[in-house]
Number of protein chains: 2
Amino acid sequence: MQHLDATFAALADPVRRAILARLAQGEATVGELAKPFAISQPAISRHLRVLEAAALIRRERDGQHRRCRLDARGLERASEWLDFYRRFWSDSFDRLERHLKRNKGASHD
Amino acid sequence: MQHLDATFAALADPVRRAILARLAQGEATVGELAKPFAISQPAISRHLRVLEAAALIRRERDGQHRRCRLDARGLERASEWLDFYRRFWSDSFDRLERHLKRNKGASHD
DNA sequence: GTGTTGCATAACCGTTATGTTATATAACTG
DNA sequence: CAGTTATATAACATAACGGTTATGCAACAC
């Protein structure tokens with residue numbers, strides 16, 4: 001669960017989630033990932049290190065570049081953890097409420 | 001996604017996850033939640049505040065006590081976010097690797 | 001009323017996180 | 001080789017986090 005600490009902590013940052021969103025469309029180099037953000041390149045480098053430590057991305061050298069892509073492991077760990085709890089809110093107490101909420105125009109994000 | 005910031009950050013702490021695990025077995029008062037931990041009661045109170053702010057738990061007064069229970073909203077938000085990414089690791093690149101990993105003795109934490 | 005219990009809040013403190021700028025390293029380019 | 005590009009690391013400032021103890025307040029018990 002150290003693992004989960006790192007994974008959830010990594011996911012708690014909007015810049016890092018944006019990086020993951022970008023990588024969901026395909027791999028990218030560090031520079032490409034940094035471009036959309038107003039923060040410095042070193043800051044991005046550190047975000048990437050956090051993501052890598054959380055097994056949310058992988059990096060591999062490609063000549064002068066470092067190509068990044070999603071890593072299933074971290075995502076899966078987080079997802080599995082949450083799946084355990086899905087049980088509790090899907091078949092016990094909050095069923096009605098969820099139902100009402102869902103049928104009221106769910107916007108994503 | 002401020003919401004997601006708060007939710008994932010709340011989930012990143014092992015004490016808070018343990019609290020959620022306890023609440024998955026049913027509601028509990030603050031004192032009951034605090035008992036298993038070696039940390040002070042005020043520390044628990046703050047963890048609960050974080051969890052409540054993240055919509056991961058709810059608290060309601062019950063006389064002298066405050067009863068806590070899981071709140072579906074936060075859990076669901078986190079889960080939905082991850083579901084988006086599930087696509088990318090379940091039907092694209094890491095399939096083989098996941099397969100190998102899975103069939104190699106998966107231990108659940 | 002007084003005392004006790006259950007919990008929250010305040011003030012403080014050390015650690016960790018996130019940003020910055022400056023610098024280092026490694027790979028390409030000529 | 002020297003110069004440029006891509007990325008990482010170092011050193012530092014500030015803010016956020018998580019713990020502590022001390023205290024406040026509401027609800028119960030007498």
Side-chain angles (χ1 to χ4, degrees), chain A residues 1-20 22-23 26-71 74 78, chain B residues 1-23 26-71 74:
Chain A
M1 334 251 227
Q2 252 169 330
H3 275 168
L4 283 173
D5 287 24
T7 303
F8 284 129
L11 292 176
D13 187 281
V15 171
R16 288 193 289 261
R17 286 200 310 278
I19 288 173
L20 293 178
R22 166 66 185 79
L23 289 177
E27 50 181 42
T29 67
V30 174
E32 289 166 353
L33 290 173
K35 200 164 288 178
F37 296 100
I39 64 182
S40 64
Q41 169 266 317
I44 297 290
S45 261
R46 294 224 311 214
H47 280 303
L48 293 175
R49 211 153 62 117
V50 171
L51 287 169
E52 190 175 38
L56 287 164
I57 69 166
R58 293 190 183 180
R59 286 182 292 183
E60 59 181 68
R61 267 232 163 276
D62 175 22
Q64 193 176 8
H65 299 256
R66 257 177 118 172
R67 186 146 335 172
C68 308
R69 59 193 188 111
L70 290 181
D71 184 343
Chain B
M1 327 243 257
Q2 253 168 327
H3 275 166
L4 282 173
D5 286 25
T7 304
F8 283 129
L11 292 176
D13 188 280
V15 171
R16 288 192 290 258
R17 287 200 309 278
I19 288 173
L20 294 178
R22 165 66 184 79
L23 289 177
E27 51 180 42
T29 68
V30 174
E32 289 165 352
L33 290 173
K35 200 164 288 179
F37 296 99
I39 64 182
S40 65
Q41 170 266 317
I44 297 289
S45 262
R46 293 222 314 210
H47 280 303
L48 293 175
R49 210 152 62 118
V50 170
L51 287 169
E52 189 174 39
L56 287 164
I57 68 168
R58 293 190 183 180
R59 287 182 292 182
E60 59 182 69
R61 268 232 164 275
D62 175 23
Q64 193 176 8
H65 298 257
R66 257 175 117 171
R67 189 151 324 206
C68 309
R69 58 192 188 112
L70 290 182
D71 183 343

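Remember, it's a predicted structure, so these values are computed and weren't measured experimentally. So that the names make sense, note that chain A is the first sequence line, chain B the second, and so on, each numbered from 1.
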B/L11 atom CG is separated from D/dG18 atom P, nearest whole Å, by 12 Å
Counting only side-chain N and O atoms of B/R59, is one of them less than 4.0 Å from OP1 or OP2 of C/dC7?
no
Between CG of A/D5 and C1' of C/dT15 the distance, given in whole Å, is 15 Å
Salt bridge (charged side-chain N to carboxylate O under 4.0 Å, His left out) filter on B/R67, not counting sequence neighbours, yields B/E27, B/D62
Q. Does B/R58 use its side chain to pair, donor to acceptor, with the backbone of B/R69 at less than 3.5 Å?
A. no
Scoring nucleotides 18-30 of chain C by protein non-hydrogen atoms under 4.0 Å (B base, S sugar-phosphate only, - none) yields BBBBB----BS--
In short, B/T7 meets B/A54 closest at the heavy-atom pair OG1-O, 3.6 Å
B/R66 CZ to D/dA26 P, in whole Å, measures 13 Å
Whole-Å distance, B/L48 CG to D/dG18 P, equals 13 Å
- prompt: Is the backbone N or O of A/A10 less than 3.5 Å from a side-chain atom of A/R16, with the two atoms forming a donor-acceptor pair by type?
  reply: yes
Closest heavy-atom pair, A/A43 versus A/I39, reported as atoms and distance to 0.1 Å, is CB-CD1, 3.9 Å
Closest heavy-atom pair, A/F37 versus A/I44, reported as atoms and distance to 0.1 Å, is CD1-CD1, 3.8 Å
Separation of D/dG18 atom P from B/L51 atom CG, nearest Å, is 10 Å
